[in-house]
Amino acid sequence: MTRVPLEKKVLSENDRIAAELRSMFQAHRILCLNFISSPGAGKTALLERTLEGLPRETRVATLTGDIQTDNDARRLAGYGFPVRQISSGGACHLDARMVQRALADWSLKEIDLLLIENVGNLVCPTSYDLGEAAKIVVLSAAEGDDKPLKYPATFYKASLLIINKIDLLPYVSFSLPTACENALRIHPGIEILEVSCTTGQGLDNWRQWLNDKRLATRAPANRP
Amino acid sequence: MHELSIASSILETVRAEKERRSGTRVVKVGVRVGELAGVDPDALTFCFDSLVNGTDLAPLALEIEPRPRQHRCLRCALTFQVVDYEVSCPVCGAGETQLVSGDELELAYLEVEEP
């Protein structure tokens with residue numbers, strides 16, 4: 001019996017495509033963001049409020065992943081920006097190849113912000129790099145404030161945590177300080193924003209965050 | 001259940017290696033799974049066995065080496081295991097520490113029988 005060392009990543013093929021996407025995004029100075037959450041945390045609502053607040057001339061495109069239906073794409077198409085549904089065909093996550101295929105006939109020259117709404121799932125999407133500049137995890141006040149501890153990988157890999165549905169705080173047992181503390185235990189330094197897509201509370205801070213990142217992506221210092 | 005697609009990626013590599021070394025039989029594949037990898041070892045084993053059974057690759061064992069989360073202290077350079085999400089340095093107390101392992105999802109080795 002011989003032991004042959006392999007020393008390669010299990011998802012090396014996905015990582016290879018993701019690296020291609022990432023250098024393509026950098027070359028076109030596109031800010032790509034990957035939104036991850038459990039089902040119903042409000043990813044689509046957050047994207048709706050985001051698109052709604054962007055100036056008409058914004059060069060933004062959205063990819064939205066779902067196992068079935070194009071409901072989300074139809075919701076998001078109402079804001080006048082290009083949207084494409086990726087049906088994952090039963091898969092519980094998007095992978096880099098699905099993104100590559102979805103972008104194949106889009107001119108990247110016409111985009112400078114690409115929003116990817118992953119399949120609603122706090123576990124599986126974490127393992128698949130999509131070439132994004134940042135993962136954003138959305139957690140809602142209708143869930144448990146211990147979610148960061150239960151799904152550490154997602155919270156560890158996300159750059160930003162958006163706590164949504166804060167208008168529900170008076171009616172639920174979710175503790176905002178506990179949720180933040182748990183997220184910081186898993187990922188010291190994770191940025192945290194608190195918003196309500198229903199009342200609009202906190203969305204200015206999110207728009208500011210997005211704007212800062214877009215400016216940084218376009219800054220000459222970031223030229224590849 | 002992304003463990004099924006992960007098991008399938010592992011088997012793609014096994015198949016490619018088997019073809020590259022014609023005539024060898026692969027009997028075991030070793031995989032490192034970090035606690036931050038977001039992969040459940042039991043589910044991965046279940047999916048792996050389901051995909052292998054009844055194919056020309058069977059019997060093929062999967063050995064999972066779980067990797068705990070380890071951080072290194074940026075002040076005193078101690079490497080320590082993170083227990084109960086406590087990421088501060090247990091010796092000097094510094095809060096500035098960096099992940100050094102625990103997010104792996106890697107193919108470590110194959111065990112083969114040469115013809």
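The distance from atom NE2 of A/H187 to atom CG of B/L99, rounded to the nearest 0.5 Å, is 10.0 Å. A distance of 9.5 Å separates OG1 of B/T13 from CD of A/E13, quoted to the nearest 0.5 Å. Residue B/L105 holds its CG atom at 9.0 Å from CG of A/D15, rounded to the nearest 0.5 Å.
Using a 4.5 Å cut-off between heavy atoms, B/R32 touches chain A through its side chain atoms alone. In this structure, chain A has a heavy atom under 4.5 Å from the side chain of B/V27, while its backbone stays farther away. The parts of A/T2 that come within reach of chain B are both its backbone and its side chain, each placing non-hydrogen atoms under 4.5 angstrom from that chain. In this structure, the portions of A/P152 lying under 4.5 Å from any heavy atom of chain B include both its backbone and its side chain. For A/E7, the parts lying under 4.5 angstrom from a heavy atom of chain B are both the backbone and the side chain. With a threshold of 4.5 angstrom between heavy atoms, B/E96 does not approach chain A through any atom at all. For a residue to count as touching a neighbouring chain, one of its non-hydrogen atoms must lie under 4.5 Å from one of that chain's; by this rule B/V112 touches chain A with backbone and side chain alike.
Of all heavy-atom pairs between B/L107 and A/L6, the closest is O-CB, 3.7 Å. Nearest heavy-atom pair, A/A153 versus B/A37, reported as atom, atom and distance to 0.1 Å: CB-C, 4.2 Å. Residue A/S127 comes nearest to B/G38 through the heavy atom pair OG-O, 4.3 Å, listed as atom of the first residue, atom of the second, then distance.
Per-residue counts of heavy-atom pairs under 4.5 Å with chain B were compared for A/L11, A/V123, A/D95, A/L149; the largest is that of A/L149.
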For this session: Under the side chain to side chain contact (heavy atoms under 4.5 Å, CB included) rule, what do A/K8 and B/E106 come out as? Steps first, then yes or no, please.
Result: CA-CA 6 Å; A/K8 61 184 275 192; B/E106 293 166 352; over 6 Å; no

For this session: Decide yes or no on side chain to side chain contact (heavy atoms under 4.5 Å, CB included) for B/R21 and A/V4, but give the supporting numbers first.
Result: CA-CA 11 Å; B/R21 310 158 185 276; A/V4 185; 3.0 Å; yes

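Within 6.0 Å of atom CD in A/E20, more than 12 heavy atoms from other residues, nucleotides or ligands are found, so the atom counts as buried in its surroundings. B/K18 NZ: more than 12 foreign heavy atoms inside a 6.0 Å radius.
Checked for salt-bridge contact, B/E111 and A/R3 meet the test: a charged N lies under 4.0 Å from a carboxylate O.
Of all residues spanning residues 68-84 of chain B, those with a heavy atom less than 4.5 Å away from chain A's heavy atoms are B/R69, B/D84, arranged by number.
Every residue meeting the ring pair (Phe, Tyr, Trp, His ring centres under 6.0 Å) condition with A/Y128, not counting sequence neighbours, appears here in chain and number order: A/H93.
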